[in-house]
Amino acid sequence: MKKIGMFAALLLLASCAHHRDVRPSADGIHRVVTRGPDKDEVERDAISQANHYCSERNKQSAAFVSEGTQYTGSMSESAHKTTRNASKAATVVGSGMGVFGGQNEANAGAVVGGAGVVGNIMTGGDAYTTEMRFKCQ
């Protein structure tokens, strides 16, 4: 019974926060700003939040007036992308070595996987900012 209650509470919290970055406007052109480590993810998140916001307004959908994404990270954008991709690969390879290899491979996998985790932490901040303006129709 406790598990069901916790699941219901988490579901309720997740549904309430689905358009947390939307800023309603009196003139009908609303704004959503999202931030994150990956360009595609922040853009998809902004679109999803705008659509969710509009769907709660008489089952309408978002019509985008303007949109833009900027790189706002502390390292160069190319270095960010390279480090992020290499970190993801190192995490996967390191995990595979640990699972499928012997003791020596497992140790090497832990080192490679650890490097991947460090790279993910370094590039896991809000490197991209997307701002979209939309109206519900």
For residues 128-137, dump all side-chain donor-acceptor pairs below 3.5 Å to protein atoms at least two apart in sequence or in another chain.
residue: Y128; atom: OH; partner: E77; partner atom: OE2; Å: 2.9
residue: T129; atom: OG1; partner: T72; partner atom: OG1; Å: 3.4
residue: T130; atom: OG1; partner: T69; partner atom: OG1; Å: 2.9
residue: E131; atom: OE2; partner: R133; partner atom: NH2; Å: 3.2

Hey, can you pull the donor-acceptor pairs under 3.5 Å for the side chains in residues 24-31, sequence neighbours left out?
residue: S25; atom: OG; partner: D27; partner atom: N; Å: 3.3
residue: S25; atom: OG; partner: D27; partner atom: OD1; Å: 2.5
residue: S25; atom: OG; partner: I29; partner atom: O; Å: 3.4
residue: D27; atom: OD1; partner: I29; partner atom: N; Å: 3.0
residue: H30; atom: ND1; partner: S25; partner atom: N; Å: 3.0

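In this structure, V22 is a member of the same hydrophobic cluster as F64, with clusters built from ILVMFWY side-chain heavy atoms closer than 4.5 Å. Hydrophobic clustering (ILVMFWY, side-chain heavy atoms < 4.5 Å, transitive): V42 and Y71 are in one cluster.
Residue pairs meeting the disulfide bond (SG atoms under 2.5 Å apart) criterion with at least one member in residues 19-52: none, sequence neighbours excluded. Residue pairs meeting the salt bridge (charged side-chain N to carboxylate O under 4.0 Å, His left out) criterion with at least one partner in residues 57-66, sequence neighbours excluded, are absent.
By the side chain to side chain donor-acceptor pair (under 3.5 Å) test, E67 pairs with no residue at all, sequence neighbours left out. With sequence neighbours left out, R23 forms a side chain to side chain donor-acceptor pair (under 3.5 Å) with no residue at all.
Atom CZ of R35 is separated from atom CD of Q70 by 10.5 Å, given to the nearest 0.5 angstrom. E56 contributes atom CD, which lies 4.5 Å from atom NE2 of H52 (distance to the nearest 0.5 angstrom). With values rounded to the nearest 0.5 angstrom, S55 atom OG is found 8.5 Å from H19 atom NE2.
Side-chain atoms of Y53 and V32, non-hydrogen and from C-beta on, never get closer than 4.5 Å to each other.
The shortest non-hydrogen separation linking D45 to T34 is OD2-CG2, 3.6 Å.
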